[in-house]
2 protein chains.
Amino acid sequence: MENTYYTAKHQRLARYAKALGHPARVLIIELLSRQSCCYSGDLANDLPIARSTLSQHLSELKDAGLIQGEINPPRIRYCLNRANWEEAAQLFKTLFDSQL
Amino acid sequence: MENTYYTAKHQRLARYAKALGHPARVLIIELLSRQSCCYSGDLANDLPIARSTLSQHLSELKDAGLIQGEINPPRIRYCLNRANWEEAAQLFKTLFDSQL
DNA sequence: TTCGTATTTCGTAAAAATACGAAACAAAGG
DNA sequence: CCTTTGTTTCGTATTTTTACGAAATACGAA
């Protein structure tokens with residue numbers, strides 16, 4: 001991590017961008033940002049992928065910090081991680097605003 | 001492409017996001033958006049990777065439509081693709097603004 | 001306790017991304 | 001023509017991503 005070339009911001013931005021780098025994850029995020037929270041099963045109905053694959057995508061979004069899941073047995077409720085979502089929004093905004 | 005789940009916007013957003021999903025590419029884009037255009041060799045000095053690897057990253061950004069290169073022998077001048085950059089900015093903005 | 005529901009983890013396979021150095025290329029200058 | 005310069009393409013190796021179905025887990029209800 002002792003890299004003088006990439007700053008923490010570069011790395012975080014890349015991390016968030018990568019998490020959004022698949023249409024399924026974009027759709028998941030879009031659904032979550034519109035209707036607050038969702039259960040994995042509800043998401044499964046809106047996506048053309050196996051539930052295990054959906055679970056993997058959810059894990060990636062979670063690892064990147066964009067979403068969080070709270071257990072609500074026997075289901076798991078996924079919501080945006082608002083704090084990180086705000087950070088990501090800010091990082092992207094700064095990048096896009098920096099043009100001449 | 002006949003997928004009723006992912007819209008064209010989801011796919012384009014994912015494409016742009018994926019292109020930004022590596023710190024080297026974030027840095028490249030940041031440099032380009034700040035100082036209009038750059039030569040590949042100049043970028044090489046700011047990045048901790050081999051020139052051939054840089055060339056690959058530039059190709060990916062070009063394939064995603066975020067940058068364009070114009071030949072200026074014996075060098076190649078890379079610039080942002082402004083139209084697509086605007087589109088990407090708009091797509092991200094819409095995504096981030098759609099929260100409750 | 002056994003069953004049913006919701007979801008994840010495991011095992012695995014195939015494809016894509018990342019990286020490097022060597023070689024190729026294209027154009028200008030000697 | 002030969003060399004130098006800037007850059008890309010090729011060949012290759014390693015790692016990561018994407019995807020699926022089967023099995024495991026966790027919990028409430030019967």
Side-chain angles (χ1 to χ4, degrees), chain A residues 1-6 10-11 13-29 31-32 35 37-79, chain B residues 1 3 5-6 10-11 13-29 31-32 35 37-79:
Chain A
M1 281 296 136
E2 294 304 324
N3 186 318
T4 53
Y5 294 93
Y6 308 132
H10 293 142
Q11 315 234 28
L13 190 42
R15 190 87 208 282
Y16 290 134
K18 191 172 190 174
L20 292 172
H22 190 287
R25 296 195 291 266
V26 170
L27 182 47
I28 291 167
I29 284 288
L31 292 169
L32 286 182
Q35 54 195 293
C37 296
C38 284
Y39 294 104
S40 175
D42 300 337
L43 292 169
N45 297 327
D46 291 330
L47 289 164
I49 53 177
R51 274 152 202 268
S52 56
T53 305
L54 168 60
S55 189
Q56 272 187 176
H57 283 304
L58 288 170
S59 281
E60 282 187 50
L61 288 170
K62 199 159 50 177
D63 291 346
L66 287 177
I67 66 172
Q68 56 200 151
E70 49 181 85
I71 297 172
N72 199 341
R75 310 201 285 181
I76 297 180
R77 212 165 99 103
Y78 282 101
C79 310
Chain B
M1 282 294 139
N3 187 317
Y5 294 93
Y6 308 133
H10 293 142
Q11 315 235 26
L13 190 40
R15 191 88 207 283
Y16 290 134
K18 192 171 190 173
L20 292 172
H22 189 287
R25 296 196 291 265
V26 170
L27 181 48
I28 291 167
I29 284 288
L31 292 170
L32 286 182
Q35 54 196 294
C37 296
C38 284
Y39 294 103
S40 176
D42 300 337
L43 292 169
N45 297 327
D46 291 330
L47 289 164
I49 54 177
R51 274 153 201 267
S52 56
T53 305
L54 168 59
S55 189
Q56 274 187 176
H57 284 304
L58 289 170
S59 281
E60 283 188 50
L61 288 170
K62 199 159 50 176
D63 291 347
L66 288 176
I67 66 172
Q68 57 201 153
E70 50 181 85
I71 297 173
N72 199 340
R75 311 202 285 182
I76 297 180
R77 213 165 99 103
Y78 283 100
C79 310

Using nucleotides 14-17 of chain D, report all nitrogen or oxygen pairs with the protein that are shorter than 3.5 Å.
| residue | atom | partner | partner atom | Å |
| --- | --- | --- | --- | --- |
| D:dT17 | OP1 | A:Lys18 | NZ | 3.0 |

CG on A:Leu47 to CG on A:Leu27, rounded to 0.5 Å: 5.0 Å

Heavy-atom check, side chain of B:Leu58 versus side chain of B:Leu43, under 4.5 Å: yes

Rounded distance in Å - CG (A:Leu20) to C1' (D:dT18): 17 Å

Rounded distance [0.5 Å steps], CD in A:Glu70 versus SG in A:Cys79: 5.0 Å

Between the protein and nucleotides 7-10 of chain D, which nitrogen or oxygen pairs come in under 3.5 angstrom?
| residue | atom | partner | partner atom | Å |
| --- | --- | --- | --- | --- |
| D:dT7 | OP1 | B:Ser40 | N | 3.2 |
| D:dT7 | OP2 | B:Gly41 | N | 2.6 |
| D:dT8 | OP1 | B:Tyr78 | OH | 2.2 |
| D:dT8 | OP2 | B:Ser40 | OG | 3.4 |
| D:dT8 | OP2 | B:Ser55 | OG | 3.1 |
| D:dT8 | O5' | B:Ser55 | OG | 3.2 |

Spacing of NE2 belonging to B:His10 relative to CG belonging to A:Leu20, to within rounding of 0.5 Å: 11.5 Å

Gap between atoms OH and C1', on B:Tyr6 and D:dA19 respectively (whole Å): 11 Å

Flag side-chain contact, heavy atom, 4.5 Å: A:Tyr6 against B:Pro48: yes

Sugar-phosphate, base or nothing in reach of A:Ile49, heavy atoms under 4.0 Å: sugar-phosphate

Distance below 4.0 Å between B:His57 side-chain N/O and C:dA17 OP1 or OP2: no

Nearest-0.5 Å distance that lies between atom CD1 in A:Ile67 and atom NE2 in A:His57: 11.5 Å

Any side-chain heavy-atom pair of B:Asp63 and B:Arg15 under 4.5 Å: yes

A:Tyr5 OH to C:dA19 P, straight-line distance once rounded to whole Å: 14 Å

Validation row: B:Lys62, B:Tyr78 side chains within 4.5 angstrom (heavy atoms): yes

Whole angstrom value for the distance that separates P of D:dG6 from CD of B:Glu70: 18 Å

Structure string for DNA chain D in dot-bracket form, Watson-Crick and G-U at under 3.5 Å, | interchain: ||||||||||||||||||||||||||||||

Atom pair CD (A:Gln11) and NZ (A:Lys18), whose distance is rounded to the nearest 0.5 Å: 11.5 Å

Considering all heavy atoms, the nearest A:His22-B:Ala14 contact: C-CB, 3.6 Å

Approximate separation, where rounding is to 0.5 Å, of A:Leu54 CG and A:Ser59 OG: 9.5 Å

